[in-house]
Each structure stands twice: as structure tokens, then as C-alpha cells.
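To start, the structure itself, in C-alpha cells.
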Amino acid sequence: MRKNADRMMKIVNRTKTLSLLYKAFSTNEWIFISDKIDEVRRFCTPEEKKIFTLDVTEIEWPRYFKYFAFGLHRYILKEEVDYPTNEPANMDLLEAIKKRSSFEDVKWVFSKGFDFKPREKSQMKSLVINSPRIQQLIQDMINERKNKNIPADQYKAQLLQIANRFCERLFSTYSMSTIKFASFLVNKVFRRMYEKIVVDENSLAKLARLDYKTQGPIVIMPTHRSFVDFILVSYIFFAYKMKLPHIAANEEFMDIAILHLIFRATGAFFLRKKKDEHMPLYNAILYEYVQRLLLDESWLEFFIEGTRSRYGKTLLPKYDVLKIVTDTYFDKKVPDIQIIPVTINYDRVVEADTFPYELLGEEKLRLSLIKFLGAYKIFSMNFGRVYINFCDPLSLKEYTDKLQKSSAEKIDPFNKPADRMTVNQKLAFDVLRIATDNLVIMPTSLIASILLMHRKGINEEQLIQKVDWLIQEIKARGGKLSTDIASILVKNGLTHVEHLLERKKDIFHPSFSAKGDYKNIILLSYYRNVLGHLFFNEAIIACSLVAYGYELAWKEGVPIDRIWEKANFLERLVGNEFIVKKKLDKKTFTELLDSMIRKKSLQIKDSKIKVIWKNNFSN
């Protein structure tokens with residue numbers, strides 16, 4: 001009772017504070033005369049009118065009140081609240097459905113989605129198998145058959161039967177009724193698992209305005225951190241009444257009884273990894289199927305990394321599906337292709353706890369319905385927030401034109417198959433670079449980074465200070481953050497890594513033991529590695545300097561040219577481990593070296609560089 005009374009008194013006092021603060025505005029009539037502003041406005045050029053908001057009708061009132069409300073909470077009521085996002089279109093997809101009833105969920109499902117109906121499976125199968133590519137391949141396989149005792153007609157019938165079986169396993173069975181049913185279930189699950197799903201509505205609006213006839217088909221390439229990735233993207237498109245993509249998924253999903261039917265009906269088609277003697281036929285069917293989807297105005301989604309990253313960092317690209325996509329344009333079957341890099345950023349990845357075991361050599365967990373149902377408790381756990389960025393569309397036509405003009409050697413991917421691989425390799429890395437530049441650094445990544453630097457322990461106050469320092473370093477490097485208020489960030493992040501920590505009084509430190517094979521350390525490293533691309537080039541310079549040993553690196557100093565020699569070698573050796581904005585060349589090396597000297601990490605004397613022994617990095 002006493003506790004409730006104190007709480008109510010606190011609320012009353014806050015109400016009094018606000019009423020007193022705005023008493024003058026609420027008890028008096030205020031009349032504002034804007035004649036002078038109107039006079040100034042008449043003399044402004046159109047460009048000046050865009051810069052200076054002199055007309056109240058042009059003020060973004062929702063954004064204004066959002067920041068106004070934040071100011072009241074933060075500076076008047078002294079509450080620790082999240083800083084508003086800079087973009088007014090960043091919306092929490094779950095906010096509107098948190099308190100909805102099941103009836104309202106059903107109503108929502110039937111009011112959303114885009115009623116798209118692709119070709120029937122039987123029609124698609126007929127088009128693919130009877131395509132010139134497949135028919136020619138079948139004829140070649142008949143001519144090259146090892147067992148000449150089998151008549152050509154009989155062998156052709158076998159091949160057609162195999163091709164038919166491949167199509168059955170590969171093709172999607174896109175169904176709007178199943179999509180609506182799945183969206184209802186996903187609604188229920190996501191609002192239990194996630195606090196927020198933050199989406200930029202402006203980027204989705206750009207995507208919706210793309211015209212197939214002039215700009216070609218849309219290909220979505222998300223980062224791959226979790227099995228949840230492709231469900232999230234489809235869920236967002238459904239919620240915003242957009243066409244759901246056909247998704248290139250791993251064949252291991254075929255092992256999940258019943259659920260694989262739902263995945264297939266919501267747009268998934270399953271890529272085969274197990275190889276056999278008929279793999280050329282399968283690859284040709286996949287090639288024809290993907291191109292047919294693009295020609296039929298279907299949206300396509302695939303993961304350029306090929307598999308989930310179990311290290312936290314972006315993986316090197318795979319080119320299998322990308323080659324099929326770009327060939328569609330290079331063969332002049334479509335006017336252009338719009339590539340959409342997508343970053344999906346989690347506070348906590350659902351299956352991340354299994355990654356350390358896989359990295360330590362244990363067998364990869366096979367998916368099955370029994371295991372899926374056995375993990376039902378996961379759906380009631382708190383996995384924090386998700387930030388999804390749909391990057392600006394990348395026109396393959398414009399990209400190819402620009403590459404042809406800037407290339408020292410003339411490349412012609414339209415007529416030279418060898419040049420297509422050149423374009424694909426550069427395109428794949430550029431797509432990953434765009435995605436990496438748009439990653440949102442989540443609280444777990446910041447906290448994990450600091451905790452791994454203080455394995456003997458750190459108290460909460462120091463943790464907040466160090467995280468605040470790291471926030472400033474990330475911002476200085478152009479990184480994006482879910483929030484830049486250290487105290488809120490630490491509070492939110494600790495809830496998602498507390499199972500990896502031990503707490504003694506007010507000291508946090510990573511929990512690990514020799515018997516546990518440092519599983520917790522590996523998982524903290526997974527979250528820390530998300531930051532790697534921001535600090536990678538500086539890390540190469542630091543490693544190059546430290547390689548000379550204590551006497552030279554800390555006492556005597558190392559000539560700049562010798563540091564560059566080792567840094568250049570390291571960059572060539574491990575330069576592709578992280579996708580960075582700028583490769584480490586001589587110019588970048590010099591700029592970073594100057595920056596590290598200004599920050600007092602390094603010291604220069606007589607053209608020699610040495611490490612400063614005591615570096616107060618919190619400043």
C-alpha cells in the first residue's frame with residue numbers, strides 16, 4: 001500500500017510540474033502576429049524557402065511533437081527514454097498490434113497483403129521443362145549416356161521423370177490464403193518475441209513505386225543472421241500491402257514436416273546442395289525457373305552470403321543465384337533489374353546460442369518438426385528489438401553502364417560471358433558494402449565489445465562510460481546506432497546477454513570455464529564482430545605495429561614505411577574478412593595513422609611511430 005501511495009504521489013508531483021510549467025499558456029490567450037515573417041517570406045527565393053521554414057503549414061508537425069514529447073520526458077521529468085529516430089518514417093511495426101484481440105488480428109490479416117497470383121505450378125513446370133535450354137541439355141545427356149544399352153527413348157523418359165521430380169521439390173506453391181494464415185500466426189509469435197520491429201516507411205514507399213515495365217523486376221538481397229530473416233521480410237511486405245517475394249531457401253527446410261508446405265506456399269523454393277550425376281539438369285531447371293519468375297513480374301529474394309553468418313560479421317558473397325539474375329539482364333530479357341540490399345539487425349539472434357557449438361566442431365543441428373515444436377518456449381522469450389533497413393534501389397543497368405565507362409579495360413558482359421563474372425564479383429561486393437554501411441549497431445554489440453575488453457569485470461557505471469565512449473567512436477566513423485543514450489543502451493542490452501555473464505555485487509564479467517569451451521566468450525565475440533568493419537583498417541595498422549615486438553613498438557618506435565609494408569601484406573592476406581567502406585591503400589593508411597596520433601593512441605617522433613603506453617580511451 002505504501003509503495004503504491006509513493007508511486008501515485010510521484011505521478012501527482014510530475015503532473016503539477018507540467019501544469020506549472022505551462023500555466024501561462026493554458027490560462028492566457030496568446031495571439032501571435034506574423035506580419036514580419038510574411039514580409040521576409042515574400043523576398044525569399046524558392047531555394048531559401050526550402051531552407052528556412054517560414055510557413056507553419058510546412059512544418060512536419062508529427063515529427064515536431066515527437067521531439068517535443070521527448071524533451072518533456074528527458075529534460076523536464078528527468079526520465080530516461082529512447083531518443084527519437086532521425087527519420088520520421090521509422091515506424092514500429094508491432095506498436096499497433098501489441099494490445100489487439102484475436103478478432104482484430106483476423107480483421108488485420110484480411111485488410112493487408114497484395115493479391116498477387118503467379119503462374120500455376122503445372123504451367124510453370126511445362127514452360128521450364130520444354131524450354132530450349134532444358135531440351136538441349138536432355139538431348140546432350142542422351143548422346144553422352146554411358147550405358148548405350150538403354151534405348152534413347154527410354155533414357156529420355158527417365159530424364160524427364162527426374163526433371164519432373166526436381167520441379168516438384170524446387171518450385172514454390174504461392175498461395176494467398178496460406179499467406180494470410182501464416183501472417184496471422186506470425187503476428188502472434190512476433191509480438192511475444194520482439195519488443196519492436198522498426199522499419200523505414202520511406203524506403204518501402206520507394207520500393208512500391210518501382211515500375212516493372214521500365215525498371216525491370218525487383219530482387220531483394222538481405223543480410224543473413226537468422227532463420228527468421230526471410231519470415232521478417234515477407235511479414236513486412238504483407239503488413240504494407242506489397243507483393244511477397246519468392247525466396248531462395250535452403251533445402252534443409254524440406255526436413256520440417258508440414259511447415260515446409262507453409263514455407264513453400266508463402267513463396268519459398270528450396271535450393272538443393274546434395275550433388276549427384278544429374279546435377280547439371282537440376283542447375284538448368286533452377287536457372288530457367290528463376291528467370292521465369294523474373295519475367296513474370298514476381299519479386300525475388302535470396303541471401304547473397306549464401307548461409308547464416310555464425311561469426312557475427314558479413315560473409316563473402318556467393319554467386320550462384322546472382323549469376324542467374326544478372327544473366328536475365330545481360331541476355332536482354334528485361335529492361336533493367338532493381339537490386340535492394342536489406343540489413344536486418346537484431347538485439348539477440350534466436351538461434352545464436354547454437355553457433356558456438358557448431359564453431360567448436362559439433363554437428364550442425366538438423367531441422368525437424370519435433371525439434372521445432374520442442375522449442376516452443378523460445379516463442380515466449382524476449383529477443384529485444386529488430387531494425388530493418390531497405391537500402392536505396394541499385395539499378396543493374398546504371399551500375400553496368402558506370403562500370404563500363406570507368407573500367408581501364410573495356411568490358412562487355414552482353415557479348416562476353418567471361419566479363420559477366422567480373423561484373424558479378426564487383427556487384428556482389430558492392431551490394432554487401434551498401435548493406436554493411438547501413439547496419440544498425442545494436443546494444444548487445446556495444447556491451448559485448450566492452451565486456452570482452454574487461455574480462456576480469458566492470459561495474460555498471462564504468463560500463464556506461466565505456467559504452468558512451470564507444471558510441472562516439474562509432475558515430476565518428478559513420479556507423480548507425482539504434483540509440484545513442486548510453487544508460488538506456490546498457491540497460492536494454494544487459495537483459496539480452498545476462499545469461500552469458502556472472503555478477504558479483506555490482507561487477508559484471510563474462511562467465512566461462514575450461515569445461516565449457518568458452519562458449520559464452522564465443523557468443524559475446526559473435527555480437528562484438530558486428531562492429532568489425534568500422535575498426536578493421538585501424539586493427540590492421542595496430543597489428544602491423546605490434547608485430548615488431550615490445551622493444552620497437554613501445555619504446556624505440558618503427559619507421560612509417562616498415563609499418564606500411566606489413567599493413568599492406570596483412571590487407572592482401574585478410575582484407576576480405578570484413579567488408580569495409582574503404583580498402584586500406586597508402587592514402588587511407590596515412591589518414592588513419594594521423595587520426596590515431598591525434599587521438600593519442602600512437603606517437604610520432606623522428607618519423608617513427610610507437611604505441612603510447614597509457615591510453616585513456618574513455619576520453
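Only heavy atoms go into these numbers, but all of them, side chains included; no hydrogens, no water, no symmetry mates. For the single chain, residues carry numbers from 1 onward in sequence order.
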Exercise for the section: Using a cut-off of 6.0 Å, state whether more than 12 heavy atoms not belonging to F181 lie near its atom CZ. Expected result: no
Completion exercise
Of all heavy-atom pairs linking I304 and A428, the shortest is CD1-CB, 4.2 Å
Practice task
Go through the structure and list residues passing salt bridge (charged side-chain N to carboxylate O under 4.0 Å, His left out) with K206, not counting sequence neighbours.
Solution key: D392
Exercise for the section: Quick one: closest heavy-atom pair of N424 and L322, and the distance? Expected result: O-CD2, 3.6 Å
Handout entry: Between CG on residue L294 and CH2 on residue W299, distance to nearest 0.5 Å
Key = 13.0 Å
Completion exercise
R292 meets the side chain to side chain donor-acceptor pair (under 3.5 Å) criterion, sequence neighbours left out, with none
Practice task
Answer yes if the side chains of E351 and S226 hold a donor-acceptor pair under 3.5 Å, and no otherwise.
Solution key: yes
Problem - Output field: ring centroids Y289/F166 closer than 6.0 Å - result: no
Practice task
Kindly indicate whether the side chain of F269, heavy atoms from C-beta on, has any atom under 4.5 Å from the side chain of L300.
Solution key: yes
Fill in the blank from the handout: Scanning both residues in full, the closest heavy-atom pair of F303 with P222 reads CD2-O, 3.5 Å
Exercise for the section: Go through the side-chain N and O atoms of T343 and N438 and say whether any donor and acceptor fall under 3.5 Å apart. Expected result: no
Exercise for the section: Decide yes or no for I218 and M242: does some side-chain heavy atom of the first lie under 4.5 Å from some side-chain heavy atom of the second? Expected result: no
Practice task
For atom CD of Q425, decide whether the heavy atoms of other residues, nucleotides or ligands shown that lie under 6.0 angstrom number more than 12.
Solution key: yes
Problem - Residues forming a side chain to side chain contact (heavy atoms under 4.5 Å, CB included) with A486, sequence neighbours excluded - result: I464, V467, D468, I471
Completion exercise
The ring pair (Phe, Tyr, Trp, His ring centres under 6.0 Å) partners of F383 (sequence neighbours excluded) come to none
Exercise for the section: For this output row, return yes or no: ring centroids of F227 and F263 closer than 6.0 angstrom. Expected result: no
Practice task
Please list all pairs passing the salt bridge (charged side-chain N to carboxylate O under 4.0 Å, His left out) test where one or both residues lie in residues 227-238, with sequence neighbours left out.
Solution key: none
Handout entry: With E305, the salt bridge (Lys or Arg N to Asp or Glu O under 4.0 Å) member among K313, R225, R310
Key = R225
Exercise for the section: Could you tell me whether the side chain of S395 and the main chain of Q338 form a donor-acceptor pair under 3.5 Å? Expected result: no
Practice task
Using ring pair (Phe, Tyr, Trp, His ring centres under 6.0 Å) as the criterion, list what pairs up with F355, not counting sequence neighbours.
Solution key: Y526
Practice task
Go through I339 and V325 one step at a time and tell me if the side-chain contact (heavy atoms from CB on, under 4.5 Å) criterion holds.
Solution key: CA-CA 10 Å; I339 296 171; V325 170; 5.6 Å; no
Practice task
Flag the pair V423 / T326 as yes when at least one side-chain heavy-atom distance between them is below 4.5 Å, and no otherwise.
Solution key: no
Exercise for the section: Using a cut-off of 6.0 Å, state whether more than 12 heavy atoms not belonging to K117 lie near its atom NZ. Expected result: no
Completion exercise
Separation between CG (D353) and CG (N520), nearest 0.5 Å, reads 8.5 Å
Side chains of residues 444-453: which donor-acceptor partners sit under 3.5 Å, not counting sequence neighbours?
residue: T444; atom: OG1; partner: D347; partner atom: O; Å: 2.6
residue: S445; atom: OG; partner: Y527; partner atom: O; Å: 2.9
residue: S449; atom: OG; partner: S445; partner atom: O; Å: 2.7

Exercise for the section: Begin with the C-alpha distance, continue with both residues' side-chain angles, and end with the deciding distance and a verdict on side-chain contact (heavy atoms from CB on, under 4.5 Å) for I231 and F190. Expected result: CA-CA 10 Å; I231 299 174; F190 277 0; 3.9 Å; yes
Exercise for the section: Check whether any side-chain heavy atom of L207 lies under 4.5 Å from a side-chain heavy atom of F237, and answer yes or no. Expected result: yes
Exercise for the section: Using modelled atom types only, decide if a donor and an acceptor are shared between the side chain of R477 and the backbone of E473 within a distance under 3.5 Å. Expected result: yes
Exercise for the section: Specify whether Y346 and Y194 have parallel, tilted or perpendicular ring planes, treating 30° as the upper limit for parallel and 60° as the lower limit for perpendicular. Expected result: tilted
Practice task
Identify, with sequence neighbours excluded, every residue that meets ring pair (Phe, Tyr, Trp, His ring centres under 6.0 Å) alongside Y212.
Solution key: none
Problem - Worked verdict on M124 versus D296 for side-chain contact (heavy atoms from CB on, under 4.5 Å) - result: CA-CA 10 Å; M124 179 67 82; D296 284 351; 3.9 Å; yes
Handout entry: salt bridge (charged side-chain N to carboxylate O under 4.0 Å, His left out) partners for E251, two or more places apart
Key = R169
Handout entry: L463 vs L494, side-chain contact (heavy atoms from CB on, under 4.5 Å): CA-CA, chis, key distance, verdict
Key = CA-CA 11 Å; L463 182 59; L494 282 174; 4.1 Å; yes
Problem - For the student: nearest non-hydrogen atoms of E301 and P245, plus distance - result: OE1-CG, 3.2 Å
Handout entry: Heavy-atom pair with the smallest gap, counting every atom of K397 and D336
Key = N-OD1, 2.8 Å
Practice task
Enter the distance from Q123:CD to K121:NZ here, rounded to the nearest 0.5 Å.
Solution key: 14.5 Å
Exercise for the section: Identify the two heavy atoms, one from V440 and one from S482, that lie closest to each other, and give their separation to 0.1 Å. Expected result: CG1-N, 3.5 Å
Practice task
Scan residues 177-186 for pairs that pass side chain to side chain donor-acceptor pair (under 3.5 Å), counting only residues two or more places apart or in two chains.
Solution key: S175-S177, S175-T178
Practice task
May I ask you to test the P217-V334 pair for a side-chain heavy-atom distance under 4.5 Å?
Solution key: yes
Problem - I262 vs L259 side-chain heavy atoms within contact, under 4.5 Å - result: yes
Practice task
Look only at the side chain of Y235 and the backbone of V186, and say whether a donor-acceptor pair between them is shorter than 3.5 Å.
Solution key: no
Exercise for the section: Without swapping roles, check the side chain of Q215 against the backbone of D211 for a donor-acceptor pair under 3.5 Å. Expected result: yes
Handout entry: Spatial distance of atom NZ (K475) from atom CD1 (I441) [nearest 0.5 Å]
Key = 13.5 Å
Practice task
Quick one: list whatever passes salt bridge (charged side-chain N to carboxylate O under 4.0 Å, His left out) with R528, sequence neighbours left out.
Solution key: none
Handout entry: Pair D437 + R433, salt bridge at N-O below 4.0 Å
Key = no
Exercise for the section: Decide ring pair (Phe, Tyr, Trp, His ring centres under 6.0 Å) for F230 and F253; before the verdict, give the C-alpha distance in whole Å, the side-chain angles of both, and the deciding distance to 0.1 Å. Expected result: CA-CA 12 Å; F230 72 88; F253 285 102; 5.5 Å; yes
Problem - Distance (rounded to the nearest 0.5 Å) between Y357 OH and I522 CD1 - result: 10.0 Å
Exercise for the section: Compare all side-chain heavy atoms of V349 with those of R308 and state whether any distance is below 4.5 angstrom. Expected result: no
Handout entry: side chain to side chain contact (heavy atoms under 4.5 Å, CB included) partners of P118, counting only residues at least two apart
Key = F116, Y174, H246, S298
Handout entry: Contact check, side chains of H496 and M442, non-hydrogen atoms, under 4.5 Å
Key = no
Completion exercise
The reported gap from CD1 in I458 to CG in L501 (rounded to nearest 0.5 angstrom) is 11.5 Å
